[in-house]
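Notes for the one structure printed next.
Just so you know, these numbers come straight off a predicted model, no measurement behind them. Starting from 1, each residue takes its place in the sequence as its number.
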Amino acid sequence: MFRVEQRPVIVLAALLILSVPITPTELWLVKMLVDHIQVWTVQDPVGPIIMLAVWLTLLMLANNIGGVPIPMAMTRLMEIGTLEEQRLLLKKTSRLPLAAVESPMIKDLRERANQISLYEIYNTGVQLLHLALRSATLIAVMLAYGQWIPVTSVCLVAVVVSLVSGKSAESVERLARKQTPDRRLLEHYATLMTKRESAKEIRLFGLNNLLAKRWSDLYEQQARQTESVVFSTEIRKLGPEIMMALISGLLIALLALLPGANKHTAGDFSLLFMALTMLLSQMPGLIGQGVSMKKQYMRWEDFRVYMELEEACDLQQSLKINSAD
């Protein structure tokens, strides 16, 4: 996609990564604002408080305005990615030997390779980097205040949830791979029942009901298999997710009772509360992007294998060399 059009690729990555420093700056401004309000009296000037509020407003405004080009870049990248992946697949298919193109195994591989999304791979990677940097920033802020207990607890639970979610996504994706021949058969049945070329034979021999029943039975079979796998994976994730929710609520409730809390100002508590809340709220997104990246990697493997298949020109060259020998 970078070779096709550089601008949206750079815009999306740059804006997401450059937005990372905004988070600790907002936290610092909130801390300073709360501390000033805490000690302010009627006799004190109100100018510093107003100035901090103005800077905080401007920072939030800049963050919102700076995010406007992101949806446009994502839309353009989706268009570029879809066009490029289809171009590569069509070009590769046209260069394969006819025997390979008609092979059921190659057809299954092509069907799986067609599930690739270059846009999703890039977008997931950038979003994952963005969330990882934000999380690292929030963790650094909390560690600077000695909050190693909440940080350690959140990280440990997040690792457990990530491992379980990754295994669940892998199970669903492996089932989708296994169902590839059946999906092609479903498409074949649908083509027979809707295309003009086969309409005469189907009506002549009264095959409409038979094909419809086969299509329906196969569709229901796939649906039951998918439902069973998804149900088992969701049950498997339930425990770690409940643990994450319980620990999140407990840590927020006990923030004022953790070691060193008596040394903190009201601004410090506001900063720590916001940092912990933001860290907990973005952990599901970070884990989700990691799981999505694993799924995209599995699909990329199918795409890579298909793109590395031996082509007709390679076979012809090999035959020429063998005949010359």
Side-chain angles (χ1 to χ4, degrees), residues 16-17 19-35 38 56 60 63 124-172 230-297:
L16 287 177
I17 293 175
S19 66
V20 172
I22 293 178
T23 300
T25 307
E26 286 183 347
L27 293 175
W28 181 80
L29 286 173
V30 169
K31 165 189 157 44
M32 297 298 295
L33 182 61
V34 173
D35 283 340
Q38 184 184 20
L56 184 59
M60 296 173 66
N63 188 31
T124 302
V126 174
Q127 295 286 352
L128 183 62
L129 177 61
H130 171 242
L131 290 173
L133 290 175
R134 283 195 64 187
S135 299
T137 302
L138 293 170
I139 288 173
V141 169
M142 296 193 67
L143 289 179
Y145 281 84
Q147 301 297 316
W148 59 271
I149 294 179
V151 168
T152 304
S153 302
V154 171
C155 290
L156 287 176
V157 177
V159 169
V160 174
V161 175
S162 299
L163 293 175
V164 175
S165 299
K167 290 293 184 182
S168 300
E170 185 176 348
S171 300
V172 175
V230 171
F231 178 78
S232 62
T233 55
E234 290 300 318
I235 291 297
R236 194 185 309 160
K237 292 192 299 182
L238 190 59
E241 289 178 350
I242 291 176
M243 188 190 307
M244 171 69 86
L246 291 175
I247 288 181
S248 300
L250 182 64
L251 289 176
I252 292 175
L254 297 180
L255 188 61
L257 303 177
L258 292 173
N262 57 343
K263 301 177 182 179
H264 299 322
T265 65
D268 294 334
F269 277 117
S270 299
L271 181 147
L272 291 173
F273 179 80
M274 290 181 61
L276 180 57
T277 303
M278 293 171 67
L279 181 62
L280 291 170
S281 64
Q282 72 180 22
M283 273 299 164
L286 179 62
I287 294 170
Q289 293 294 342
V291 171
S292 179
M293 180 59 76
K294 184 171 185 178
K295 181 176 69 175
Q296 293 299 328
Y297 174 77

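- In this structure, CG on L280 lies 10.0 Å from CG on L138, to the nearest 0.5 angstrom.
- Residues R236 and S171 meet the side-chain proximity criterion, which asks for heavy atoms closer than 4.5 Å.
- Listed for the S281 side chain is a donor-acceptor partner under 3.5 Å among the backbone atoms of M278.
- For S19 against H130, the heavy-atom pair with the smallest separation is OG-NE2, 3.3 Å.
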- Criterion side-chain contact (heavy atoms from CB on, under 4.5 Å) on V34 and T265, from CA distance to verdict: CA-CA 9 Å; V34 173; T265 65; over 6 Å; no

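- Contact detail for L286 and A132: the closest heavy-atom pair is CD1-N, 3.8 Å.
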Can you give each donor-acceptor pair under 3.5 Å made by side-chain atoms of residues 156-167, sequence neighbours left out, with the distance rounded to 0.1 Å?
unit_1	atom_1	unit_2	atom_2	d
S162	OG	A158	O	2.7
S165	OG	V161	O	2.8

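- Note: I247 CD1 to I242 CD1 = 12.0 Å, rounded to the nearest 0.5 Å.
- Rounded to the nearest 0.5 Å, atoms CG (L16) and CG (L133) are 10.5 Å apart.
- Atoms CD and CD, on Q289 and Q282 in that order, are 11.5 Å from each other to the nearest 0.5 Å.
- In this structure, the side-chain hydrogen bond (donor to acceptor under 3.5 Å, both in side chains) partners of T23, at least two apart in sequence or on a different chain, are R134.
- Side chain of S292 to main chain of G288: no donor-acceptor pair is present (N/O by atom type, distance under 3.5 Å, no hydrogens or angles).
- Looking at every heavy atom in both residues, P24 comes nearest to V20 through CD-O, 3.3 Å.
- To the nearest 0.5 Å, atoms CD1 (I287) and CG (L128) are separated by 11.0 Å.
- Take V151 and apply the side chain to side chain contact (heavy atoms under 4.5 Å, CB included) test, not counting sequence neighbours, and it matches I139, M142, L143, C155.
- Shown here are the side-chain hydrogen bond (donor to acceptor under 3.5 Å, both in side chains) partners of K294, two or more places apart in sequence or in another chain: E170.
- Remark: I235 pairs with F231 by the side chain to side chain contact (heavy atoms under 4.5 Å, CB included) rule, at least two apart or across chains.
- Within the structure, every pair that satisfies the salt bridge (charged side-chain N to carboxylate O under 4.0 Å, His left out) test and touches residues 20-32, not counting sequence neighbours, is listed here: K31-D35, K31-D268.
- Separation of atoms NZ (K237) and CD (E234) is listed at 4.0 Å; rounding is to 0.5 Å.
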